[in-house]
Amino acid sequence: MKKRFKMIGVVTVLLVVLAACSTKDPGTGDSEDAEKGSGNGTIKIGLSISTLNNPFFVTLRDGAEKAANEKGFELVTSDAQDDPSTQLSDIEDLLQQDIDALLVNPVDSEAIVSAVELANNADIPVITVDRSSEGGEVAAHIASDNVEGGEMVGEFIAEQLGEEGKVVELEGIPGASATRERGQGFHEIVDDMDGIEIVANQTANFDRTEGLSVMENIIQSADQIDAVFAHNDEMALGALEALEAKGVSDVIVVGFDATDDAVEAVEGGRMDATIAQKPELIGESAIETAEKVVKGEKVEEFIPVELELITK
């Protein structure tokens with residue numbers, strides 16, 4: 001009996017020693033937690049894009065992927081296809097994938113609020129890209145100054161027209177911050193000029209095909225068109241196609257984004273100007289900012305990306 005008690009005592013001592021060896025020191029976590037944010041590939045970032053049917057956002061995504069690959073981060077991208085409900089579903093899915101930060105390019109700045117709040121409730125930091133969110137907690141917003149870009153367009157068109165002429169404005173998606181801000185900047189310039197008249201102001205949802213069809217209808221109803229400002233290059237190229245098909249010439253056409261097709265059209269003399277937003281740089285900056293946020297570093301609420309007026 002005494003030998004049995006002695007054996008039990010030995011086993012008990014061994015268990016205590018093993019438990020002590022396996023106990024972590026205070027303040028230490030497992031290897032994954034310790035390495036997170038160290039730039040060794042453990043940071044996982046979600047990116048919700050409004051649409052990949054637009055070359056601008058394809059370039060933005062490519063810039064983000066390039067920066068993420070260089071840092072060894074994992075980037076998971078979803079395409080909302082310009083549908084707010086799809087974007088909400090996409091973000092719900094991203095939040096289930098154990099991401100460390102969420103980058104969002106909203107389809108609609110108001111509709112995205114509920115998705116941002118979902119991320120807030122999950123303690124996942126949110127960074128908005130190119131378009132802002134009307135609510136929720138956002139760690140940073142990375143974009144060009146769209147108001148300034150609209151002002152640049154207004155000044156260019158006014159100069160080309162000698163501050164006198166009839167202008168068509170093709171707006172982006174209603175509810176998108178870029179639509180509101182680009183229009184705001186444009187009107188801050190041209191509305192004070194008595195000689196400039198906005199003869200048509202319609203949405204084409206940032207889409208080339210819609211830009212074409214909307215412009216066709218405007219051409220039929222307007223007796224004179226001297227200039228067109230489209231809130232993005234896709235709509236500008238659609239409008240240009242409609243003008244050329246109808247044989248309407250000597251119309252100043254200005255877009256926004258400086259996509260490859262638009263820059264080629266400007267260089268070829270078909271379009272007059274576009275605003276360069278540098279989407280690749282926006283994507284790269286989004287990854288760099290996400291890294292800082294995940295590591296607990298302080299970042300600016302608004303991180304601007306420089307604009308440039310591209311002309312022939």
Side-chain angles (χ1 to χ4, degrees), residues 36-80 87 90-91 94 97 99-107 109 112 116 119 124-133 138-149 176-178 181-182 206 232-234 255-263 274-310:
K36 179 179 286 188
S38 64
N40 62 1
T42 60
I43 291 181
K44 186 174 183 179
I45 301 170
L47 171 59
S48 173
I49 292 281
S50 60
T51 177
L52 289 175
N53 194 36
N54 183 325
F56 176 85
F57 294 119
V58 172
T59 304
L60 189 155
R61 178 206 59 189
D62 291 347
E65 287 184 346
K66 177 184 176 183
N69 289 336
E70 289 176 351
K71 292 178 178 291
F73 299 163
E74 181 179 356
L75 182 67
V76 183
T77 303
S78 62
D79 176 8
Q87 186 160 49
D90 288 344
I91 290 175
L94 288 171
Q97 297 187 47
I99 58 174
D100 299 302
L102 175 65
L103 306 178
V104 183
N105 162 236
V107 173
S109 297
I112 200 63
V116 173
I124 304 299
V126 178
I127 297 166
T128 49
V129 182
D130 186 60
R131 302 173 187 169
S132 62
S133 172
V138 175
H141 175 56
I142 303 169
S144 304
D145 187 333
N146 283 302
V147 175
E148 179 186 356
S177 59
E181 293 165 3
R182 292 172 192 179
F206 288 131
N232 81 338
D233 286 335
E234 288 297 285
F256 206 115
D257 287 342
T259 62
D260 290 344
D261 286 351
V263 172
T274 181
I275 301 293
Q277 266 205 106
K278 304 179 182 178
E280 183 176 7
L281 184 57
I282 293 176
E284 292 173 358
S285 180
I287 296 298
E288 292 169 359
T289 303
E291 178 183 16
K292 292 178 180 178
V293 171
V294 170
K295 290 182 176 180
E297 298 177 20
K298 185 176 181 180
V299 297
E300 297 294 328
E301 291 183 4
F302 175 56
I303 301 173
V305 177
E306 185 180 358
L307 292 168
E308 180 183 358
L309 179 67
I310 304 295

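For the pair Val104/Ser133, no side-chain contact is recorded, criterion being any heavy-atom separation below 4.5 Å from C-beta on. By the 4.5 Å heavy-atom criterion applied to side chains, Asp130 and Phe57 are counted as neighbours. Contact annotation: the side chain of Ile91 approaches that of Ile112 to within less than 4.5 Å [non-hydrogen atoms, C-beta and beyond]. The shortest distance between side-chain heavy atoms of Ile43 and Ile45 falls below 4.5 Å.
Sequence neighbours left out, the pairs with a member in residues 50-68 that pass side chain to side chain donor-acceptor pair (under 3.5 Å) are Ser50-Asn105.
For Glu297, the side-chain contact (heavy atoms from CB on, under 4.5 Å) partners two or more places apart in sequence, or in a different chain, are Lys292, Lys295. Ala119 meets the side-chain contact (heavy atoms from CB on, under 4.5 Å) test with Leu95, Leu102, Ile124, Val126; sequence neighbours excluded. Qualifying side-chain contact (heavy atoms from CB on, under 4.5 Å) partners for Asp260, counting only residues two or more places apart in sequence or in other chains: none. Listed by chain and residue number, Arg131, Ile173, Thr179, Phe206 satisfy the side-chain contact (heavy atoms from CB on, under 4.5 Å) test with Ala176 (two or more places apart in sequence, or in another chain).
Contact record, Val293 with Ala139: CG2-CB, 4.1 Å, taken as the closest heavy-atom pair. Taking all atoms of both residues into account, the shortest heavy-atom contact from Ala258 to Asp233 is N-OD2, 2.6 Å. Across every non-hydrogen atom of Ser109 and Ser177, the tightest pair is OG-N, 2.9 Å.
If you take OG on Ser78 and CD on Gln97, they are separated by 9.0 Å, rounding to the nearest 0.5 Å. Here CG of Asp261 is found 7.0 Å from CD of Glu234. Values are rounded to the nearest 0.5 Å. With rounding to the nearest 0.5 angstrom, the CD atom of Glu308 is 10.5 Å from the OG1 atom of Thr274. Atom-to-atom distance recorded for Phe256:CZ and Asn146:CG is 5.0 Å, nearest 0.5 angstrom. Ile127 CD1 to Thr289 OG1: the interatomic distance, rounded to the nearest 0.5 Å, is 5.5 Å. To the nearest 0.5 Å, atom CD of residue Gln87 and atom CD1 of residue Ile49 are 9.0 Å apart.
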Considering only distance and modelled atom types, tabulate donor-acceptor pairs under 3.5 Å from the side chains of residues 275-287, sequence neighbours left out.
| residue | atom | partner | partner atom | Å |
| --- | --- | --- | --- | --- |
| Gln277 | OE1 | Ser144 | OG | 3.2 |
| Gln277 | NE2 | Asp257 | OD1 | 2.8 |

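Asp90 and Ser48 are not linked by any side-chain donor-acceptor pair at a separation below 3.5 angstrom, with hydrogens and angles left out of the test.
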